[in-house]
Amino acid sequence: MNRTVKLYNTMSRRAEEFTPTGDVVKMYVCGPNLYAPCHVGHAMSYIVFDVLRRYLEYCGFEVRHVQNFTDIEDNIINRAQAQGVSIEELSEQHVEQFFRDMAPLNILKAHVYPRATHEIPTIIEMVQRLIENGHAYQANGDVYFRVQTRTGYGKLSARDLDSMLAGARIEPGENKEHPGDFTLWKASKPGEPAWDSPWGKGRPGWHIECSAMSLKYLGHPIDIHGGGQDLIFPHHENEVAQSESYSDDQKPFVRFWVHNGLMRLAESEEKMTRHLGNLVPINEVVQRYGGDGLRMFVLNSHYRSPITFSEESLESAKRGAERLRIAVNTAAGDADPPVDAAPFKQRFLDAMDDDLNTAGALASLFDLAREINRARDEGRSADEAQAAAREMAGVLGLTLVEPQRVDRAGAEPFIELLVELREDLRCAKQYELSDKLRVRLAEIGVILEDGAAGTRWRTRG
RNA sequence: GGCGACGUAGCCAAGUGGUAAGGCAAGGGUCUGCAAAACCCUCAUUCGUGGGUUCAAGUCCCACCGUCGCCUCCA
């Protein structure tokens, strides 16, 4: 399927038609630092890039998806020391947690998950090259990137060195030539994890790992580099500087920079970052609103807009997901004319083409759901339309399966039995008892619906 | 201080020149023993405020008010 997908590129600050360089779309998404569990803000980012990947694949592109894990960095070292464990143990624990958190969100797995500590030789080679071509220098075992050699420094984040210096937060650092220079390699203190290098024992700086790993696993230029807007500066700006300097500006580093807006908390209005201790764990949200609920919440607004986490919005999203689920999963009749999903699908795809307008795409999906429900009420056929709706929901990564609060398979015979007993009670007009059964089942997550064709039941999270 | 966003109904939110999508909530109705679900109807003459451009502006320009983000810990 040949579609024209437009994507907003942070570098050019406008939406551009997306085309890959080769047969395969090379997509690199910045992963988490492994010193604390992921929070809902991370979930938002991974949901956004999951939808981007799903849509590109839907459009017929083959996507090679790489996501790093940062497993060496100050926070990890500090946290590991505080807990009396090695950085390997700490990272391993959070990698496992990461996959446990992502599974219910229906996030497709990346093809490669490189880790900084496994890529030390590549990193060293890269730093060495940067020193050779004059873009980096060593000082007392540290290696810094020389910001002033790059005329384009600041092009991604739309700022220049002078205006950055106007801000008060740049620390000069005694070893740096220029306050804006950043660390490529950091000499280790006694007791810290360290690797041998031409500059002595040390460890990589934060930014260099992504340049090294994207080069190794995808090759430059990469088509899409994604992450949260908080990474634009300094992280991604520095990646651009070092990666393009590495090839002496022979190769652009990234063709499309894609950044999602950030999530913040309603009450405190504070961004949910872990250093503020103000985080909402993913599993807690999933338990209350379901994976689809969280996804709906994220996709109901544009990925570049900031969103505010609130119970009300999550509840609203959860209810919406339920509405779609019922529309798609409840059997309709077989009379003519069947529902024609084509115009809804068209609207859906047009919205997705337009810089991933998931809110617009969802609107079309909801309209289709109404058509399906209407047809069902009229006894008309909706099988194909339901299949189309499932396909559209699938592009958005919505599962539309019932939440697993009740072990459906195990409980089924017993629920059926209760439904049957309740039918008998209703026939005998024993409504007090039959209503009690319905109420009690609802409390444990089983919803009964009495219709003309008998009683249907479903589960609810 | 520098750079950049945003302000659309009770809440969330789409919509970048042609006369306001969608979801949630609310009210009325159909169906039902009662519910639930679903369907139908109602719910912004109006898009922070004031000017301007235009035949036409939520959409472009200017000013003002307000909210928020980034400025080397951050998805």
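Keep in mind it's a predicted model, so treat the numbers as computed, not measured. Throughout, protein chains are lettered first and strands after them, A, B, ... in sequence-line order, and every chain is numbered starting at 1.
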>> Does the plane of the ring in A:F145 sit parallel, tilted or perpendicular to the ring in A:H135? Use 30° and 60° as the thresholds.
In response: parallel
> What closest approach, in Å, do A:C30 and A:N68 show between heavy atoms, and which atom pair accounts for it?
Replying inline: CA-OD1, 3.4 Å
> Within the structure shown, what part of the strands sits under 4.0 Å from A:R422 by heavy-atom distance: base, sugar-phosphate, or nothing?
Replying inline: base
> Should A:M352 and A:N357 count as side-chain neighbours, where that means a heavy-atom distance under 4.5 Å?
Replying inline: no
> Counting side-chain heavy atoms from C-beta on, which of B:A25, B:C40, B:A75 comes nearest to A:R319?
Replying inline: B:A25
> Looking for any heavy atom pair under 4.0 Å, which part of the strands does A:I232 touch: base, sugar-phosphate only, or nothing?
Replying inline: nothing
>> Say we look at B:U19 and B:U8: how far apart would their C1' atoms be, to the nearest angstrom?
In response: 15 Å
>> Please determine whether a side-chain nitrogen or oxygen atom of A:W206 lies at a distance below 4.0 Å from atom OP1 or OP2 of B:C74.
In response: yes
> Which of these nucleotides, B:A13, B:C39, B:C70, is closest to any side-chain atom of A:R159?
Replying inline: B:C70
> Where the side chain of A:E449 is concerned, which of B:G33, B:A37, B:U72 is the nearest nucleotide?
Replying inline: B:A37
> Under 4.0 angstrom, heavy atoms only, what part of the nucleic acid is A:N75 near: base, sugar-phosphate, or nothing?
Replying inline: sugar-phosphate
> If you check the A:F182 side chain, which of B:G23, B:A36, B:U72 turns out closest?
Replying inline: B:U72
>> Categorize A:H302 for me: base, sugar-phosphate, or nothing, with a 4.0 angstrom heavy-atom threshold over every strand shown.
In response: sugar-phosphate
> Using the P atom in both, what is the distance from B:G23 to B:U42, to the nearest Å?
Replying inline: 14 Å
> Who does B:C39 pair with, Watson-Crick or G-U, both distances under 3.5 Å?
Replying inline: B:G29
>> Whether the A:N33 and A:T70 side chains hold a donor-acceptor pair (N or O, under 3.5 Å, no angle test) is what I'd like checked.
In response: yes
> What nucleic acid atoms does A:N373 come within less than 4.0 Å of, heavy atoms only: base, sugar-phosphate, or nothing?
Replying inline: sugar-phosphate
>> Check this one for me: any side-chain N or O of A:N238 less than 4.0 Å away from OP1 or OP2 of B:U72?
In response: no
> Looking at A:F233, is A:R159 sitting on its ring face, NZ or CZ under 6.0 Å from the six-membered ring centre and within 45 degrees of the normal?
Replying inline: yes
> Nearest of B:G15, B:G23, B:A75 to any side-chain atom of A:R370?
Replying inline: B:G23
> Are A:Y431 and B:G33 stacked, counting the six-membered base ring, centres under 5.5 Å, planes under 30°?
Replying inline: yes
>> Work out how far the P atom of B:G48 is from that of B:A20, and round it to whole angstrom.
In response: 16 Å
> Taking the side chain of A:N300 as its heavy atoms from C-beta onward, which of B:A36, B:G22, B:A75 lies nearest to it?
Replying inline: B:G22
>> Measuring only the C1' atom in each nucleotide, how far is B:U16 from B:A5? A whole number of Å is fine.
In response: 16 Å
>> Need one value for A:A359: base, sugar-phosphate or nothing, where a base atom within 4.0 Å counts as base even if backbone is also close, heavy atoms only.
In response: base
> For atom C1', what is the distance between B:A9 and B:A14, given to the nearest Å?
Replying inline: 14 Å
> In terms of side-chain heavy atoms of A:D377, which of B:A75, B:A36, B:A38 is nearest?
Replying inline: B:A38
